[in-house]
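Since this is a predicted model, take the numbers as computed values, not measurements. Throughout, numbering of the chain's residues begins at 1 and tracks the sequence.
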Amino acid sequence: PAEPRRGGEKPAHKERPAAQPAPQPEPPRRRPDVSPLQVEPVDPRPRRPAGPKPLRAADPVDPAAGLDADITVLRGVGPETARDFARLGIHTLRDLLMYFPRRYDNYSKMKTINRLEYGEECSLIGTVWEVRERRFKGNRTMLKVVLADGTGMLEVTEFNPYRKQLLQQGRQVVVSGRVDQYLGRLTIVPREWEKLDAELLNTGRIVPVYSLTEGLHQRSLRNLTAQIVNHWARKQPDPLPAELVQRAGLMPYGEALAQIHYPDNEAALEAAQHRLAFDELLALQIGVLRQRRQWRSAAGRPLAAPDAWVDAFLATLPYTPTNAQRRALAEVRADLSQPVPMNRMLQGDVGSGKTLVAAAAMAIAAQAGAQAVLMAPTSILAEQHYQTISRLLGAGGPGLTAGGDSPGLHPWPPTAIRLLQGATPASEKDAIYAGLRSGEIKIVIGTHALLEAPVEFADLGLIVIDEQHRFGVAQRALLRGKGTHPHLLVMTATPIPRTLALTLYGDLDLSVLDEMPPGRQPIGTYLLHANERERGYHFIRREVQKGRQAFLIFPLVEESEKSDARAAVDEHARLQKEIFPDLKLGLLHGRLRPDEKDEVMSRFRAGEYHLLISTSVVEVGVDVPNASVILIEGANRFGLAQLHQFRGRVGRGEHPSYCLLVSDSPNPEADERLKAMEATQDGFVLAQKDLELRGPGDFLGTRQAGFAGLSTARLSDVKTIELARREAIALFERDPELAAPEHHGIAGLVARFWAAGSGDVS
């Protein structure tokens with residue numbers, strides 16, 4: 001007969017077998033002297049006393065060691081194992097104590113054989129009645145284990161031959177796993193086995209599951225964390241004052257550290273997670289508030305332009321600014337006029353008009369006699385900004401005046417606005433360097449090339465950083481260092497829910513563009529299943545026949561043995577040969593050199609390619625008004641916020657535009673998530689849903705300082721975020737230096753949290 005199914009395989013039919021004792025298997029070859037049904041039933045109830053459950057792990061080599069001791073003081077950790085831990089960033093006992101499980105398996109539900117129910121996860125205590133071993137080709141071994149507990153018998157199939165040492169006849173064991181069926185009989189797909197007389201770390205409880213690396217295994221790691229919990233966890237002093245712990249209704253710190261690894265029950269696990277998440281969010285908020293105070297304590301240079309000049313600038317625009325753009329510009333003007341540096345984030349959906357606000361801010365800086373710089377993450381985006389800003393400030397623009405209230409409607413000098421990127425010719429770079437040093441160049445727009453040493457400014461007054469999450473802390477600091485406390489405006493097209501923005505960017509003032517300029521058409525969005533892909537191809541061909549162009553996005557560059565996702569390189573060849581042989585197809589991915597990417601995009605914008613096959617590199621910085629369709633393969637593999645960014649690549653011209661989402665997931669829940677894309681064009685709604693479903697993801701970007709410390713906090717947990725924010729603000733107002741004796745523990749908590757980053761959160 002066929003062998004039982006393994007792992008997550010489903011039964012051949014959907015009938016749910018009734019709970020009943022499993023039929024007795026064929027008579028074993030060797031029997032004990034008693035019937036298995038006469039075995040004394042084992043009481044499945046936990047036999048532990050009330051209170052914290054003891055963990056009978058091996059004693060450490062040196063129980064008196066402190067948490068900063070090397071991990072080798074644990075029994076079972078030698079030099080080789082220590083090297084394995086080092087790959088996970090674990091070097092000390094403290095590192096291991098703070099290495100929290102990534103998830104949990106709940107095997108605390110103890111059942112007897114006659115009460116098993118199909119599909120449930122549970123633990124079962126039984127006596128090993130018989131073990132039969134069967135060998136296959138390729139040195140594979142299978143064990144047939146017959147268990148009895150006085151209420152029935154159960155046959156379990158185990159494919160790990162090393163379990164035979166544990167599964168000795170007559171021994172009482174605990175097995176945990178999912179109840180399945182085979183040939184109408186209930187069985188258990190085993191995940192863990194343990195001797196009943198051992199203190200249970202792997203079965204019969206809520207079991208921690210840790211992220212691993214080569215050389216480490218769950219069972220051995222649990223033995224080590226149990227040593228930590230036994231000897232150190234509950235002895236740790238609480239970093240928070242007792243009155244704060246009581247006021248916020250938090251679990252004591254040491255108990256939370258113990259329960260996060262080996263929770264007594266689900267309520268204890270939830271309370272531990274809440275306590276440790278609160279600590280992380282409190283440390284995050286205090287660090288952000290500290291950065292805000294530091295930024296605002298610097299002396300800045302006021303940059304102002306007369307109202308008449310600003311009105312003249314707005315009057316020259318080819319369109320009427322939205323109320324949101326006027327509001328954001330007023331907020332930016334107010335900041336620029338202050339004697340402290342502006343530190344503002346301009347957040348707006350795709351196409352909401354952020355560039356206009358940035359252009360106006362840079363023009364104001366130049367009008368006030370200072371220089372302004374805009375840094376973008378890609379040369380494509382830098383070129384687009386250069387063209388747009390030159391158009392806005394060029395012929396017919398308000399120009400530069402010598403001062404006073406006169407608008408001065410003469411054009412800007414041709415050399416006042418320049419573009420600097422890696423591909424800029426050397427001779428042109430030298431001229432730009434000289435113009436920046438002399439002050440002749442008022443506005444420069446570019447890429448990472450702006451960070452190079454030869455770039456020096458005569459008087460840098462304003463920095464604008466687009467798609468700021470694409471830049472690291474050190475890069476932003478390097479650019480700021482080229483001026484004396486310049487004003488800073490960072491922009492992002494990634495809609496960030498307000499709660500998350502206040503948490504991560506509390507050091508920044510926030511301006512939101514929540515209106516779209518008139519004329520932007522909604523993009524028709526449709527979900528297709530994998531077997532409907534040909535319909536999408538047919539629709540694209542129809543649009544191309546109308547003179548339009550299309551994007552096709554793929555999740556990978558090349559096919560991978562570890563993934564069945566479609567890949568751009570292979571699909572480019574297939575589509576060109578089999579589907580669109582009469583069309584011209586371009587290929588864009590992250591492995592191309594910057595100049596190769598620029599050439600592909602330039603040719604696509606010029607209409608030389610009908611279709612552009614691309615990976616996610618096209619997400620930011622592509623403006624092709626003639627593109628009317630974007631088809632996204634494996635859409636279920638992307639977050640909603642990222643899909644919304646892709647969708648924004650079309651609908652930028654006068655033609656109706658469409659976004660086709662092709663899902664290759666067999667999971668209906670993934671498609672339900674994608675249906676949100678069909679339902680709304682609002683990026684903020686999608687971002688909030690993405691946050692709830694997937695966590696912060698790219699919202700964090702490379703704002704790296706300290707975010708490695710977010711191990712238990714969920715940025716979708718609004719209540720905990722707001723509680724931590726209130727406490728952080730109140731604490732910061734009373735004692736910003738955390739100098740009071742009762743706040744020393746919090747100071748240490750903040751220092752440890754931010755130690756993972758650079759200490760700069762701007």
Side-chain angles (χ1 to χ4, degrees), residues 300-305 309-310 313 316 332 336 341-342 355-403 407-466 471 475-476 478-491:
R301 171 186 171 185
L303 301 175
W309 187 93
V310 175
F313 169 73
T316 64
V332 169
L336 290 174
M342 174 174 69
T355 305
L356 169 62
V357 178
M362 290 190 289
I364 290 170
Q367 168 65 22
Q371 293 170 293
V373 58
L374 187 154
M375 185 167 68
T378 67
S379 56
I380 296 171
L381 189 54
E383 288 177 10
Q384 289 178 181
H385 279 313
Y386 174 69
Q387 293 167 1
T388 302
I389 291 171
S390 296
R391 199 163 52 243
L392 291 172
L393 304 182
L400 296 171
T401 67
L409 293 177
H410 57 277
W412 288 49
T415 57
I417 306 173
R418 298 299 297 270
L419 173 67
L420 177 64
Q421 50 187 338
T424 302
S427 58
E428 192 174 337
K429 281 185 178 179
D430 291 339
I432 293 174
Y433 297 154
L436 291 173
R437 285 193 297 269
S438 68
E440 178 186 2
I441 296 177
K442 298 298 182 182
I443 294 175
V444 63
I445 299 162
T447 58
H448 296 76
L450 293 166
L451 304 175
E452 296 174 358
V455 176
E456 299 175 2
F457 293 87
D459 184 10
L460 178 58
L462 171 66
I463 296 172
V464 180
I465 299 180
D466 194 20
F471 295 97
Q475 292 170 317
R476 293 192 291 270
L478 185 61
L479 190 57
R480 286 205 308 268
K482 293 180 180 290
T484 303
H485 306 304
H487 296 274
L488 176 67
L489 177 67
V490 299
M491 304 194 299

So do the side chains of L393 and I443 get within less than 4.5 Å of each other, counting heavy atoms only? yes

Identify the two heavy atoms, one from V464 and one from A358, that lie closest to each other, and give their separation to 0.1 Å. CG1-CB, 4.1 Å

Which atoms form the tightest heavy-atom contact between I463 and P486, and what is the distance? CD1-CG, 3.7 Å

Nearest 0.5 angstrom please: L419 CG to S390 OG, how far? 8.5 Å

Would you say the side chain of L479 lies within less than 4.5 Å of the side chain of L451, judging by non-hydrogen atoms? yes

With A365 via side-chain contact (heavy atoms from CB on, under 4.5 Å) - residues at least two apart: L303, A372, L462

Is there a donor-acceptor contact under 3.5 Å from the side chain of K482 to the main chain of V455? yes

Value rounded to 0.5 Å, distance of CE in M362 from NE2 in H385: 8.5 Å

Keeping H487 on the side-chain end and R301 on the backbone end, is there a donor-acceptor pair under 3.5 Å? yes

Please check: side-chain N/O of Q371 versus main-chain N/O of D459, any donor-acceptor pairing under 3.5 Å? yes

Roughly how far, to the nearest 0.5 Å, is CZ of R391 from CD1 of I417? 12.0 Å

Run through I389, L381, L489, V444 and flag the one making a side-chain contact (heavy atoms from CB on, under 4.5 Å) with L374. I389

Which pair of non-hydrogen atoms, one from D466 and one from P377, has the smallest distance, and what is that distance? O-CD, 3.5 Å

Does Q387 have any side chain to side chain donor-acceptor pair (under 3.5 Å) partners at least two apart in sequence or in another chain, and if so, which? none

What are the two closest heavy atoms between A361 and L336, and how far apart are they? O-CD1, 4.2 Å

Rounding to 0.5 Å, atoms CD1 (I432) and CD (Q421) come to a distance of 9.0 Å

Supply the atom-to-atom distance M342 CE to L488 CG, rounded to the nearest 0.5 angstrom. 7.0 Å

Gap separating the CE atom of M491 from the OG1 atom of T355, nearest 0.5 angstrom: 5.5 Å

Between T388 and Q384 (side chain of the first, backbone of the second, donor and acceptor by atom type, cut-off under 3.5 Å), is there such a pair? yes

What is the minimum heavy-atom distance between S438 and A458, and which atoms define it? C-CB, 4.1 Å

Looking at side-chain heavy atoms only, is the closest gap between L420 and K429 below 4.5 Å? yes

In terms of heavy-atom contacts, A368 and A304 come closest through CB-O, 3.7 Å

